[in-house]
Chemist: 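Can you keep this structure in mind? I'll have questions shortly.
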Amino acid sequence: MGKEYVKEIERARRDLRALISAKNCAPIMLRLAWHDAGTYDAKTKTGGPNGSIRTETEIKHAANNGLKIAIDLCEEVKANHPTITYADLYQLAGVVAVEVTEGPIIDFVPGRKDSMVSPDEGRLPDAKEGPSHLREVFYRMGLSDRDIVALSGGHTLDEEAFFRDYAASHKRLSELGFAPPSFLRLALNKTIMAVATAATVVILSYFYEISRKRI
Ligand code: HEM
């Protein structure tokens, strides 16, 4: 994955922002991203955010009822950015959907690979079952109790601490079975360091100005 791919992702992000705002379709886009990712099985490393939800078999799974609409909407973006994988496109649509509805900004690392292999039906949680079922499903994905609570907020995005936990859990969900290339993680760490240094300089100069005025 080269720099050109990262640039294309940014262009697709802009298109998705415009599309999701215009069509008011954030909930269904988020549900698409979650249902593509939420089939992951950490033990067998099958399922997960790999674009397989677009296959005829998987889209027909009962849990995915109605999601063809979101797939078709994403197809409009895919047509303008054909190099982007479906796996990245659906997860990007998910993070943009959260952003557009004034939820937290979720760190997005591209590079997911596409698959046409759909997992067996029944990997997503069943709303009729209880907490032990939810635990079983989320633990299978390699996620935790904390992730169950935070990600359930996908139904109603609301507070700052919640947003922080939500963003971290959503990032883990979108990267199940996907190891971001180390140079990207390094670049992100550098950005965080640069922002922290700039903020420290601004705060220190502010205090310096105040103490000078007092003298
Ligand atoms: C924890 C287990 C979960 C259960 C049992 C569950 C169940 C459901 C059900 C039954 C619906 C209604 C579907 C329909 O309209 O036919 C729904 C909708 C939705 N779910 Fe979940 N869900 C879960 C987790 C999540 C997660 C983790 C997210 C996102 C991170 C999410 C995002 C959504 C969204 C955005 C909708 C609304 C879709 C729309 O209005 O088109 N859900 N969920």
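Remember, it's 1-based here, ligands and their atoms both numbered in the order they're listed. This structure is a prediction, so every number in the text was calculated from the model and none was measured.
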Chemist: Report, as a single number, the protein N, O or S atoms less than 2.8 Å from atom 21 (Fe) of ligand 1.
Modeler: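 That number is 1, waters not included.
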Chemist: Among all protein heavy atoms, pick out the one at the shortest distance from atom 4 (C) of ligand 1; state its residue, atom name and that distance to 0.1 Å.
Modeler: P125 CG, 4.3 Å
Chemist: Strictly less than 4.0 Å: does any protein heavy-atom distance to atom 11 (C) of ligand 1 fall in that range?
Modeler: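 False for atom 11 (C) of ligand 1.
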Chemist: Of all the heavy-atom pairs spanning A42 and Y40, show the shortest one and how long it is.
Modeler: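 Closest heavy-atom pair between A42 and Y40: CA-CE2, 3.5 Å.
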Chemist: Any protein heavy atom under 4.0 Å from atom 2 (C) of ligand 1?
Modeler: yes
Chemist: With R112, which residues qualify under side chain to side chain donor-acceptor pair (under 3.5 Å), at least two apart?
Modeler: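 Once residues adjacent in sequence are excluded, the partners of R112 under the side chain to side chain donor-acceptor pair (under 3.5 Å) criterion are D88, S174.
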Chemist: In terms of residue, atom name and distance, what is the protein heavy atom nearest to atom 40 (O) of ligand 1?
Modeler: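 Ranking protein heavy atoms by distance from atom 40 (O) of ligand 1, first comes P27 CB, 3.6 Å.
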Chemist: Side chain of S52, backbone of M116: donor and acceptor closer than 3.5 Å?
Modeler: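 It does not hold such a pair.
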Chemist: Output side-chain donor-acceptor pairs under 3.5 Å for residues 23-33, partner residues at least two apart or in another chain, one line each.
Modeler:
residue	atom	partner	partner atom	Å
R31	NH1	N65	O	3.4
R31	NH2	A63	O	2.9
R31	NH2	N65	O	3.2

Chemist: One thing to verify: whether E75 and K68 come together as a salt bridge, which I'm taking to mean a side-chain N less than 4.0 angstrom from a carboxylate O.
Modeler: no
Chemist: Applying a strict 4.0 Å limit to heavy atoms, is N65 in contact with ligand 1?
Modeler: no
Chemist: So if I apply the side-chain contact (heavy atoms from CB on, under 4.5 Å) rule between E58 and each of D120, N64, L67, which one comes out positive?
Modeler: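 Output: one option passes, namely N64.
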Chemist: Could you tell me which atoms of ligand 1, counted from 1 in the order shown, lie closer than 4.0 angstrom to a heavy atom of L134?
Modeler: 1 (C), 2 (C)
Chemist: Taking 4.0 angstrom as the limit, do K7 and E10 come out as a salt bridge?
Modeler: no
Chemist: Can you sort out which atoms of ligand 1 are near F138, meaning under 4.0 Å from one of its heavy atoms?
Modeler: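 This gives 1 (C) as the contact atoms.
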Chemist: To the nearest 0.1 Å, how far is atom 30 (C) of ligand 1 from its closest protein heavy atom, and which atom is that?
Modeler: Y166 OH, 3.5 Å
Chemist: Is H133 reaching over with its side chain to a backbone N or O of G130, donor-acceptor style, under 3.5 angstrom?
Modeler: no
Chemist: Listing request: all ring-ring contact (aromatic ring centres under 6.0 Å, His included) pairs with a residue in residues 44-90, at least two apart in sequence or in separate chains.
Modeler: Y86-Y90
Chemist: Between E56 and K60, is the closest basic N to carboxylate O distance under 4.0 Å?
Modeler: yes
